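Shown next, in structure tokens, is the structure this report addresses.
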2 protein chains.
Amino acid sequence: MKVKEIADAAGVNPDTVRFYTREGLLRPVRNPDNNYQHYDAEDLRRLRFARKSRQLGFSLPEIRQILERADDQHSPCPMVRDVFEHRLAEVEREITELQGLRTRMISALTAWQDMPDGIPDGHTICRLIEHWDDPSAAPCCGEQTS
Amino acid sequence: MKVKEIADAAGVNPDTVRFYTREGLLRPVRNPDNNYQHYDAEDLRRLRFARKSRQLGFSLPEIRQILERADDQHSPCPMVRDVFEHRLAEVEREITELQGLRTRMISALTAWQDMPDGIPDGHTICRLIEHWDDPSAAPCCGEQTS
DNA sequence: CTTTGACCTGTGAGTTGGTCATAGGTTTTA
DNA sequence: TAAAACCTATGACCAACTCACAGGTCAAAG
Ligand SMILES: [Zn+2]
Ligand SMILES: [Zn+2]
Ligand SMILES: [Zn+2]
Ligand SMILES: [Zn+2]
């Protein structure tokens with residue numbers, strides 16, 4: 001298979017195939033006649049595996065490690081399980097962080113409903129933003145949060 | 001104020017101050033004697049404003065636009081409100097996406113509890129990943145989801 | 001007076017996972 | 001035979017910083 005063929009078979013951009021090849025995830029053989037890369041069914045399996053792993057949150061270096069370990073006939077499963085749990089915790093941390101941002105944004109929107117637009121006066125840039133207090137921040141100079 | 005002073009006053013990395021300066025958010029004057037940048041109270045206000053805006057999800061180009069608009073004595077408020085609503089929708093989309101990932105990961109973890117580790121046999125790389133089906137994907141070749 | 005350490009300068013690279021542009025070579029089709 | 005579609009490698013680009021490097025400046029301590 002040539003680049004576009006394997007790319008179509010896996011539903012990815014041909015540049016992604018070239019990128020994964022450069023990164024060592026795919027290992028095509030080169031045709032010396034025309035310098036083209038030739039991918040086989042094994043490469044397609046690896047490519048699909050890589051895409052599936054990406055959907056599960058694995059990074060490219062991690063996927064490469066899994067593939068290399070499998071090439072050496074070592075079971076990648078324990079490492080997969082371990083990485084996966086760390087990744088899940090990280091995803092949950094990101095969700096929490098984004099939900100915090102969402103909460104901040106909604107509280108700001110609510111407060112802004114009652115605030116008029118202002119003209120910058122050299123003392124203020126935009127009161128909407130400046131008068132918004134980060135609920136997650138510690139009081140900075142003795143302020144009391146009622 | 002010199003770089004480290006304004007950075008400490010705003011609680012950011014001095015490199016961030018230099019970066020924001022390069023990006024046009026801060027406009028220090030240069031001391032011709034020693035080539036040092038000199039920041040004033042206005043810059044500190046802009047820096048704190050920029051950090052607060054970042055916490056609310058604004059991008060650097062957006063913050064620069066707000067600052068430039070305020071410099072021209074035009075009210076940035078309508079634009080702030082508009083950008084903000086789009087950003088909120090985007091944040092909620094990201095949250096949904098991450099929660100989808102989390103759901104996929106947890107369903108995978110659950111399924112993996114009953115699966116033994118396997119040795120790669122040239123036909124399989126890692127059954128944990130390969131036998132996991134993306135619940136959000138459409139059936140690919142006539143499979144029925146029970 | 002000199003040395004040391006903390007600070008300053010600009011530039012460029014690294015992060016992540018691709019995507020796109022460029023310029024030139026090859027194969028297939030009309 | 002010429003256009004269309006494909007291939008190649010390389011490098012830039014995205015976001016928002018962070019860090020490393022090499023060299024200049026300045027205050028205090030010896
Ligand atoms: Zn496995
Ligand atoms: Zn305060
Ligand atoms: Zn405003
Ligand atoms: Zn199928």
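Note that these values count all heavy atoms, side chains included, but never hydrogens, waters or copies made by symmetry. Quick note on labels: first sequence line is chain A, next is B, and so on, each numbered from 1. Owing to the predicted nature of the structure, the values given are computational and were not obtained by experimental measurement.
Heavy-atom distances under 4.0 Å link DNA chain C to B:Arg18, B:Arg22, B:Arg30 of residues 18-31 of chain B, given in residue order.
The NE2-P distance, from A:His38 to D:dC6, rounds to 18 Å in whole Å. Spacing between atom CE of B:Met1 and atom P of C:dC8 amounts to 11 Å, rounded to whole angstrom units. B:Glu62 places its CD atom 15 Å from the C1' atom of D:dC14, with the value rounded to the nearest Å. Atom CG of B:Asp15 is separated from atom C1' of C:dA13 by 13 Å (rounded to the nearest Å). Look at CD1 on B:Ile6: it is 16 Å from P on C:dC7, rounded to the nearest Å. At whole-Å resolution of the value, CG in B:Leu101 and P in C:dG17 are 13 Å apart. The interatomic distance linking A:Glu90 (CD) with C:dT16 (P) rounds to 11 Å, in whole Å. Atom NZ in A:Lys4 sits about 16 Å away from atom C1' in C:dT19, given to the nearest Å.
Between B:Ser75 and A:Gly118 the shortest heavy-atom distance is OG-O, 2.7 Å. Minimum interatomic distance between B:Pro28 and B:Gln37 (heavy atoms only, all atoms of both residues): CG-OE1, 3.4 Å. Considering every non-hydrogen atom in both A:Thr21 and A:Val17, the closest pair reads OG1-O, 2.7 Å.
Nearest to the side chain of B:Val3, among C:dT9, D:dT8, C:dC20, sits C:dT9. Among the nucleotides C:dT9, D:dA16, C:dG18, the one closest to the side chain of B:Asn35 is C:dT9. Picking from D:dG24, C:dG17, C:dT19 the nucleotide with the shortest atom distance to the side chain of B:Tyr36 gives D:dG24. The nucleotide whose nearest atom lies closest to any side-chain atom of A:Asn13 is, among C:dC20, C:dC7, D:dA16, C:dC20.
Each of B:Lys2 and A:Lys2 has a nearest nucleotide on DNA chain C; the 5'-most of these lies closest to B:Lys2. Judged by closest nucleotide on DNA chain D, A:Gln37 is the one of B:Leu60 and A:Gln37 placed further toward the 5' end. Toward the 5′ end of DNA chain C lies the nearest nucleotide of A:Val12, the other residue of the pair A:Asp33 and A:Val12 mapping further downstream.
Ion pairing of A:Arg46 with A:Asp71 is present here, as a side-chain N (NZ or NE/NH1/NH2) and a carboxylate O approach within less than 4.0 Å. Taking 4.0 Å as the cut-off between side-chain N and carboxylate O, B:Arg87 and B:Glu62 count as a salt-bridged pair. Taking 4.0 Å as the cut-off between side-chain N and carboxylate O, A:Glu85 and A:Arg81 do not count as a salt-bridged pair.
Put simply, the residue from B:Arg45, B:Lys52, B:Arg69, B:Arg48 that forms a side chain to side chain contact (heavy atoms under 4.5 Å, CB included) with A:Ile125 is B:Arg45.
Of the side-chain N and O atoms in B:Thr16, one or more sit less than 4.0 angstrom from OP1 or OP2 of D:dT18. In this model, the phosphate group of C:dC7 is not approached by any side-chain N or O of B:Asn34 to a distance below 4.0 Å at OP1 or OP2.
Counting non-hydrogen atoms under 4.0 angstrom, B:Arg51 reaches the backbone sugars and phosphates but no base.
Within a 6.0 Å sphere centred on CZ of B:Arg127, other residues, nucleotides and ligands contribute 12 heavy atoms or fewer.
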